[in-house]
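If you read the sequence from its start, that first residue is 1, and numbering goes on from there. Fair warning: this is a prediction, and the values are worked out from it, not measured in the lab. All values below come from the heavy atoms of this structure, side chains included, with hydrogens, waters and symmetry mates left out.
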Amino acid sequence: QVQLVESGGGSVQAGGSLKLSCAASGYSLTMAWVRQAPGKEREGVARLSPISGSTYYADSVKGRFTISQDNAKNTVYLQMTSLKPEDTAMYYCAASCTLMRGGDCVDYAYWGQGTQVTVSS
């Protein structure tokens, strides 16, 4: 069992930056950030493989978001820059991919409680 605790969400104006943190109680082969806006489907934003360090980003955030890890703290981060109103969503930290589809992970075994990000224009 892995517990995930997110922090760092908030409100920011368009063009601003936020950094989300996810503290994990255990080790997972895959760590990710997933977001869901009201009325929209869940979207995998960024994914990290802690062993290889390889990363994946959704096209919508490439060049603006960066996922990283601090192994000593067992924490994964999501640095978000050049934020847009369409980035507004609840952001969830997720771990341990359970379902791959089309080269992307679409479900995870463990989820955090979520942290709200609101970007105003």
Is there a path of hydrophobic side-chain contacts, each under 4.5 Å between heavy atoms, that joins [X] and [Y]?
X      : Y     : value
Val61  : Leu48 : yes
Val119 : Val45 : yes
Val117 : Leu78 : yes
Val34  : Val76 : no

For this session: Working to the nearest 0.5 Å, report the span between CD of Gln79 and OG of Ser21.
Result: 9.5 Å

Grab the two heavy atoms, one from [X] and one from [Y], that are nearest each other, plus how far apart they are.
X     : Y      : result
Arg47 : Cys105 : NH1-N, 3.4 Å
Pro85 : Ser120 : CG-C, 4.5 Å
Thr98 : Tyr108 : OG1-N, 3.6 Å
Tyr92 : Gly114 : CD2-CA, 3.5 Å
Leu18 : Leu83  : N-CD1, 3.8 Å

Would you say the side chain of [Y] lies within less than 4.5 Å of the side chain of [X], judging by non-hydrogen atoms?
X      : Y     : answer
Ile67  : Tyr57 : yes
Leu4   : Met31 : yes
Ile51  : Leu29 : yes
Tyr110 : Gln1  : yes
Cys93  : Trp33 : yes

[Y] backbone acceptor or donor facing [X] side chain under 3.5 Å:
X      : Y     : answer
Thr115 : Gly9  : yes
Gln36  : Glu41 : no
Ser25  : Gln3  : yes
Thr30  : Ser49 : no
Thr81  : Arg64 : yes
Asn74  : Ala23 : no
Arg35  : Met90 : no

For this session: For side chain to side chain contact (heavy atoms under 4.5 Å, CB included), just list the numbers for Tyr77 and Leu20, CA-CA rounded to whole Å, side-chain angles, deciding distance to a tenth of an Å, and then say yes or no.
Result: CA-CA 5 Å; Tyr77 304 97; Leu20 307 183; over 6 Å; no

Problem set entry | Tyr91: ring pair (Phe, Tyr, Trp, His ring centres under 6.0 Å) partners, not counting sequence neighbours | none

Seminar exercise, completed: By side chain to side chain donor-acceptor pair (under 3.5 Å), Ser52 pairs with (sequence neighbours left out) Ser54

Problem set entry | Ser96: side chain to side chain donor-acceptor pair (under 3.5 Å) partners, not counting sequence neighbours | Ser28

For this session: Flag the pair Asp59 and Lys62 as a salt bridge only when some basic side-chain nitrogen lies within less than 4.0 angstrom of an acidic carboxylate oxygen.
Result: yes

Problem set entry | Arg101 and Asp107 ion-paired at < 4.0 Å | no

For this session: Before giving the answer on side chain to side chain contact (heavy atoms under 4.5 Å, CB included), spell out for Phe65 and Asp87 the whole-Å C-alpha distance, their side-chain angles and the decisive distance to 0.1 Å.
Result: CA-CA 11 Å; Phe65 290 12; Asp87 293 318; 3.9 Å; yes

Problem set entry | Derivation and outcome, side chain to side chain contact (heavy atoms under 4.5 Å, CB included), residues Ser60 and Glu43 | CA-CA 10 Å; Ser60 57; Glu43 177 188 20; 2.8 Å; yes

Exercise. Between Gln69 and Thr75, is any side-chain donor less than 3.5 angstrom from a side-chain acceptor?
Worked result: no

